[in-house]
A.B. asks: 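Submitted below is the structure of interest, expressed as structure tokens.
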There are 2 protein chains.
Amino acid sequence: MQTPRERARQQTMAEIVTIGRRHLELHGAAGLSLRAVARDLGVVSSAIYRYVKNRDELLTLLLVDGYDALGDAVDAAVQGVAEDDPVGRFRALARAVRQWGLAEPACYGLLFGSPVPGYEAPAEQTTAPGTRVIFQLVQILESADHNGRIALGDRTLDPRLAADFSKIRDEKGLTMDDQLVVAAVLVWSALFGAVNFEVFGHYGQTTFSDPAALFEAHLPGYEAILGLR
Amino acid sequence: MQTPRERARQQTMAEIVTIGRRHLELHGAAGLSLRAVARDLGVVSSAIYRYVKNRDELLTLLLVDGYDALGDAVDAAVQGVAEDDPVGRFRALARAVRQWGLAEPACYGLLFGSPVPGYEAPAEQTTAPGTRVIFQLVQILESADHNGRIALGDRTLDPRLAADFSKIRDEKGLTMDDQLVVAAVLVWSALFGAVNFEVFGHYGQTTFSDPAALFEAHLPGYEAILGLR
DNA sequence: TTTATCCGAGAGCACCGCTCTCAATTGTTC
DNA sequence: GAACAATTGAGAGCGGTGCTCTCGGATAAA
């Protein structure tokens, strides 16, 4: 049950986020202006502060919105592949991340680019949506591991790392061994590194005529790291 | 031969870059203000425009400065390891990138974070210093390959990618095969992905008690991708 | 119907990037 | 040494920003 007042407020908030996303696309994170959003909302600049405490709070809203959009895209892509095809699921995840990043570069930049200085994302709002991709990746690997689709060698590990990993395993109810956790974190960061390079244009003058082909050529490398087959 | 006037101008420019770097550290790229730099320079705000055309040009100066600092750090680290130890050289490179990024997070963010919106780095000034790290990496791998320290399987490659790679090989005078180029680009992006995650704090709540150990644990993975031994 | 809450408008503060004009300084040339 | 030109700093000013404050009207709750 919500009063009409709450309804109206909620709708205005949604409209602010929508306008903010558009401005993000057009002018980037640094160019996001509360005054401009207020103008597009058809309201005087000071009125926007009735809904958003400050610029950072609008950034947080857009951050959560972006994490959820990426999470939805990745989940949908993974769900489209059979569970007994872990390689296919992993590739679906990787491609979904890349495609979403290329489709929404400004939003992607807000999520995975340099942090906005002086702005610290409030953990209690952002960690849950922000961990959806790695969570999905771990799910895929955990399931693959159970089905004997992971083949990794053994290597002695730094004891402090092993302790961290034990904790993570306990919290998430996982059974994968340390070596797979190492590989998962490596592939996670590597995947976003590759997408970063492409979205942010860091491949530089070495522009590849077919970036998608380069990405595809990298997938077997990621799978080798994971021992996924 | 340079006139005293040119000397003075050059010194002022250097001072501006120094002040700019400090401001970058303190307030980040988005908070970099020409007026504030002018104040620190002990000059009225409009006078700064005698030296720097606009804010973007100062960003370019800092960008080039940063690329060169990183390149110097990496080169020095690699030179400290014997050439017949390609694994050691690769690790020196990787660790140098990580350490420099952690030591200069704001500068690192300017180089490898989300691009400043509306600002396009002028290629003719930035590509040369901006490619020093990948160039050094390729040098290490090329030399290792010549010495039979690279063992990679064969895989059929997308023909357009193969064409790109041929061109790169010709331009740089390289002899490594396609598979090693793929692996080099993968490791390049993966390395910066890992450093991004750590510098930008994207590992999130999954804070590792010893990030350096995690990084070290990833090094063998990179080397496996490269077939480096 | 009264009361309390909410919300938009407007003025205002300090800051920003950037431009313009003017005066002082400096180095060059006759 | 004097006239000249180039360089540089100061100052005012424009439109923009984030953000705060106060005020008055609309609206829901009592």
A.B. asks: Once you apply a heavy-atom cut-off of 4.0 Å, does A/R50 come out as touching a base, just sugar-phosphate, or nothing?
C.D. replies: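 If one applies the 4.0 Å heavy-atom cut-off, A/R50 turns out to touch a base.
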A.B. asks: Looking for any heavy atom pair under 4.0 Å, which part of the strands does B/V44 touch: base, sugar-phosphate only, or nothing?
C.D. replies: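 B/V44: base contact, heavy atoms under 4.0 Å.
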A.B. asks: Between B/Y51 and D/dG9, does any side-chain N or O lie under 4.0 Å from OP1 or OP2?
C.D. replies: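 Checking D/dG9 against B/Y51, a side-chain N or O does come within under 4.0 Å of OP1 or OP2.
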A.B. asks: What do the steps show when you test B/Y49 against B/N54 for side-chain hydrogen bond (donor to acceptor under 3.5 Å, both in side chains), and what is the final call?
C.D. replies: CA-CA 7 Å; B/Y49 290 91; B/N54 50 32; over 6 Å; no
A.B. asks: Round to a whole Å and report the spacing from CD of B/E57 to P of C/dC18.
C.D. replies: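 Those two atoms, CD and P, are 10 Å apart.
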A.B. asks: Would you call B/E216-B/R91 a salt bridge at under 4.0 Å N-O?
C.D. replies: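 So B/E216 does not pair with B/R91 through a salt bridge.
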A.B. asks: Is B/S45 close enough to C/dG17 that one of its side-chain N or O atoms is under 4.0 Å from OP1 or OP2 there?
C.D. replies: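 No, B/S45 has no side-chain N/O under 4.0 Å of OP1/OP2 on C/dG17.
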A.B. asks: Ignoring hydrogens and angles, tell me if any N or O in the side chain of B/S143 forms a donor-acceptor pair with the backbone of B/Q139 under 3.5 Å.
C.D. replies: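 Looks like no, no N/O pair under 3.5 Å.
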A.B. asks: Give B/L32 one of three labels, base, sugar-phosphate or nothing, depending on what nucleic acid heavy atoms sit under 4.0 Å from its own.
C.D. replies: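 Sugar-phosphate: the residue B/L32, judged by heavy atoms under 4.0 Å, touches backbone atoms but no base.
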A.B. asks: Donor-acceptor pair, A/R35 side chain versus A/S45 backbone, under 3.5 Å?
C.D. replies: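 Judged by distance alone, no pair lies under 3.5 Å.
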A.B. asks: Taking only N and O in the side chain of A/R35, is any of them less than 4.0 Å away from OP1 or OP2 of D/dG15?
C.D. replies: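 No, because none of the side-chain N or O atoms of A/R35 sits under 4.0 Å from OP1 or OP2 of D/dG15.
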A.B. asks: Quick check: on DNA chain D, is the nucleotide nearest B/S46 upstream (toward 5') of the one nearest A/L34, or the reverse? Name the residue that is more 5'.
C.D. replies: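 It is B/S46 whose nearest nucleotide is closer to the 5' end.
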A.B. asks: Using only side-chain N and O atoms of B/R39, determine if any of them is under 4.0 Å from OP1 or OP2 of C/dC16.
C.D. replies: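 Answer yes for this pair, as a side-chain N or O of B/R39 is under 4.0 Å from OP1 or OP2.
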A.B. asks: Side-chain N or O of A/S33 less than 4.0 angstrom from OP1 or OP2 on D/dT17?
C.D. replies: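 It does, given that an N or O in the side chain of A/S33 lies less than 4.0 Å from OP1 or OP2 of D/dT17.
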A.B. asks: Using whole Å, report how far CZ of A/R55 lies from P of D/dC19.
C.D. replies: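 Rounding to the nearest Å, CZ of A/R55 and P of D/dC19 are 8 Å apart.
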